[in-house]
Amino acid sequence: MDILEKYKNILIVELNKSYSNEDLSNISFEFPRDTSHGDFSTNAALVLSKKLKMDSEQIFLEVKKFFEDSGDFKDIVLAKSGFINFFVKDYVLHDFIREVLKNRENFGKKDLGKGEKINIEYVSANPTGPLHVGHTRGAVFGDTLANIFDFVGFDVCREYYINDSGEQIRNLAKSVYLRYLQNFSDKEIVIPDNLYPGEYLIPIAKKISDEHGEKFLDKAESDWLDFFMKESISSVMNIIKSDLKSLEIDHDVFISEKTLLEEGHVNKAYKHLEDKKLLYKGNTNPPKGSKKDEWSEKQHILFKSKNFGDDEDRVVKKHDGQWTYFMPDIAYHLNKYERGFIRMINIFGADHSGYIARMKAAVKAVTNENANLEIKTCQLVRLSRGGRPVKMSKRAGSFITLKEIVNEVGKDAVRFMMVSRKNDAQLDFDFEVFKNENNDNPIFYIQYANARISSLIRNSKEKLGRDIEDKDLINADLAFLQNENEKKIIFQIANFPKVIEQSVTFMEPHRLSYYLRDLASSFHQYWNLKIDNKRIHILDKSEMDLSLARVALLFAVSITIQTGLGLLGIEAIEEL
RNA sequence: GGUCCCGUAGCUCAGCAGGAUAGAGCGUCAGAUUCCUAAUCUGAAGGUCAUAGGUUCGAAUCCUAUCGGGAUCACCA
């Protein structure tokens, strides 16, 4: 089902017989941009003639021989530039489209993963408040990536790490406690700077008041803190899960830092490092720009992350015996390894990019370099509305939440928006664009294409005087398709498996977004096509065979759009 | 200052593991509606791919340096 791959394999296998000593990895086999360069082209003659100091004509003749027997080609020529250009017979393309129609939602699938377990950790936002726009990009990026990995045969585990331990959680609990006190007092309560001011804590406090009354009033902190931490975390995690649900993001596993601590995983990982002699007592330099007197000269326990490619050794245990945030993270990744994950992917916000080197170092250390951690970062998102930037300040909880954007433009638009740029490029987005129902709005444009194709099937009775069924499409005689636009669309569909493969190997789902937009564009062009200055009618009673052939082709487009949108987590709409 | 990301059309961005004449949307200008969804389409104008070197048959793509923009620096997460 991947034409390109099929012929490339033949080429490489055959070349290997004669030139097994040569590195053939530079040899390409692709759809040339310019149709005058044939249907496929390869640089094989160019590359090998150079390497072997052979005449390129000679290599060309050899290559030509590989393909001649199949009878699939009209012509194979050596271009002046040195490329070998292949002109394929029509039936090859028609057979391909029939394969797409038969395979339906499985078109584009490849077994690249062969069932390999892969762990993708994304979001992992601290449970101190609802998700905001900053989390959204990583959430959608990670989820889309997971979809694509799953599609190509990996055994994907989608995971969320809950940082439910440490100072921030105590602060969360204290913030909720203040809101709780407010429920029993007329006096306005002031929330200190270091605590969380968000109003989402009010219902949490209300629930505690309702269920436990005045039980925690006038009590020492030690009497209520644990309870408030527990209640707050579980309530905030419910908010977060509901945020994720609004984007149809569903993690398989939530792992709690607190649990890792309680079950001894952190101690175990620490001992692990100790046994390998990767820990030592020492000091660190104060960070640039900080005041010297705020810096304690006490001795901490450091992990030799420099041995594994980091540029500093990192503190794992503070002088007072407390863990740093880093140590549980190490334990967590050891735990992933122990659960059988050799391959792990983490999605970080760009503000955590400084953390990449130490995390990779830790995974190497703790797994004896057996596991591979890959980290993808998502750059910032800047939202605007009608050309004006949306101000985002964390003060007073006035940041834009994930829910607000989903409510404003809808799940599909948000998902598309977040993967419509390369992950490591900054993202500027105007809300208004995604509310438009026109060409400005790419998600609309793609859905419109699919809706138009669906309308053909719906209208077939009226326009052709008969219903179109699956077997009509599969049996359609595609030789009736003789138009350049039709050929262009066939090649575009044929490129889908490659786009999928690249999205996986580069971990760049945005490629899929661009692909779908381009495919939709070719479709819309075709829809408006004029021959002899007259608009074509796809459904034309007087040209039944041609009509069926056209619908068959467009149905293959629809299949591709639906699969692509599905991977992006977006509905394919049949009627607007 | 160190590290990471970015720099391609007026704007927002693609550019496939180095390939043939650099692409799309928006915006601008000029057009298309006896039509199955015009919520669409066609055409035109628009480029020193930040700059300078290097690698090679061949560079927007790889390497080095410089300039510009952003993020980050912990005994916070």
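If you're wondering where the values come from, they're calculated on a predicted model, not measured in any experiment. Just so it is clear: chains get the letters A, B, ... in the order the sequence lines come, proteins before strands, and each one is counted from 1.
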Its dot-bracket string being built from Watson-Crick and G-U pairs below 3.5 Å, with | for another strand and [ ] for crossing, RNA chain B has the pattern (((((((..((((.....[...)))).(((((.......))))).....(((((..]....))))))))))))....
Test log, rule side-chain hydrogen bond (donor to acceptor under 3.5 Å, both in side chains), inputs A/Gln168 and A/Thr128 = CA-CA 8 Å; A/Gln168 37 152 9; A/Thr128 55; 5.0 Å; no
Counting any heavy atom closer than 4.0 Å, what does A/Ala350 reach on the DNA or RNA strands: base, sugar-phosphate only, or nothing?
-> sugar-phosphate
Please tabulate the protein-to-nucleotide N/O contacts below 3.5 Å involving nucleotides 26-30 of chain B, giving atom names and distances.
unit_1 : atom_1 : unit_2   : atom_2 : d
B/rC26 : OP1    : A/Asn439 : ND2    : 3.1

With A/His135, which residues qualify under ring pair (Phe, Tyr, Trp, His ring centres under 6.0 Å), at least two apart?
-> A/His132
For A/Phe434, enumerate each residue passing the ring pair (Phe, Tyr, Trp, His ring centres under 6.0 Å) test, keeping only those at least two apart in sequence or located in another chain.
-> A/Phe429
Atom pairs and distances, donor-acceptor, side-chain atoms in residues 529-540 of chain A, under 3.5 Å, two or more places apart:
unit_1   : atom_1 : unit_2   : atom_2 : d
A/Arg535 : NH1    : A/Asn528 : OD1    : 3.4
A/Asp540 : OD1    : A/Ser542 : N      : 3.0
A/Asp540 : OD1    : A/Ser542 : OG     : 2.8

With sequence neighbours excluded, give me every salt bridge (Lys or Arg N to Asp or Glu O under 4.0 Å) pair touching residues 415-426 of chain A.
-> A/Asp143-A/Arg415
Parallel, tilted or perpendicular: ring planes of A/Phe303 versus A/Phe308, cut at 30 and 60 degrees | parallel
Under 3.5 Å, which protein N or O atoms sit close to an N or O of nucleotides 3-11 of chain B? Give each pair with its distance.
unit_1 : atom_1 : unit_2   : atom_2 : d
B/rC5  : O2'    : A/Asp424 : O      : 2.4

Which residue pairs satisfy the salt bridge (Lys or Arg N to Asp or Glu O under 4.0 Å) criterion with at least one member in residues 23-35 of chain A, sequence neighbours excluded?
-> none
Between A/Gln492 (CD) and B/rG23 (C1'), how many Å, whole number?
-> 13 Å
Check every strand shown and say whether A/Phe326 touches a base, only sugar-phosphate, or nothing at a heavy-atom separation below 4.0 Å.
-> nothing
A/Phe29 vs A/Tyr7 aromatic rings, parallel, tilted or perpendicular, using cut-offs 30° and 60°?
-> tilted
Can you list, by residue number, the residues of residues 162-175 of chain A that have a non-hydrogen atom closer than 4.0 angstrom to RNA chain B?
-> A/Asn163, A/Gln168
Selection residues 544-556 of chain A - residue pairs positive for salt bridge (Lys or Arg N to Asp or Glu O under 4.0 Å), sequence neighbours left out = A/Glu486-A/Arg550
Over-ring placement of A/Lys376 relative to A/Phe141, 6.0 Å and 45° cut-offs | no
According to a strict under-4.0 Å criterion, is A/Arg358 in side-chain N/O contact with OP1 or OP2 of B/rA74?
-> yes
Taken to the nearest whole Å, CG/A/Asp329 to P/B/rA74 is 15 Å
Quick one: ring pair (Phe, Tyr, Trp, His ring centres under 6.0 Å) partners of A/Tyr19, sequence neighbours excluded?
-> none
Atom CG of A/Leu512 and atom P of B/rG15: how far apart are they, to the nearest Å?
-> 13 Å
Kindly write out the residues that satisfy ring pair (Phe, Tyr, Trp, His ring centres under 6.0 Å) with A/His524, not counting sequence neighbours, or none if the list is empty.
-> A/Tyr445, A/Tyr448
Can you find a side chain N or O atom of A/Arg33 that sits less than 4.0 Å from OP1 or OP2 on B/rU21?
-> no
When you compare B/rA45 with B/rU72, how far apart are their P atoms, in angstrom units rounded to a whole number?
-> 44 Å
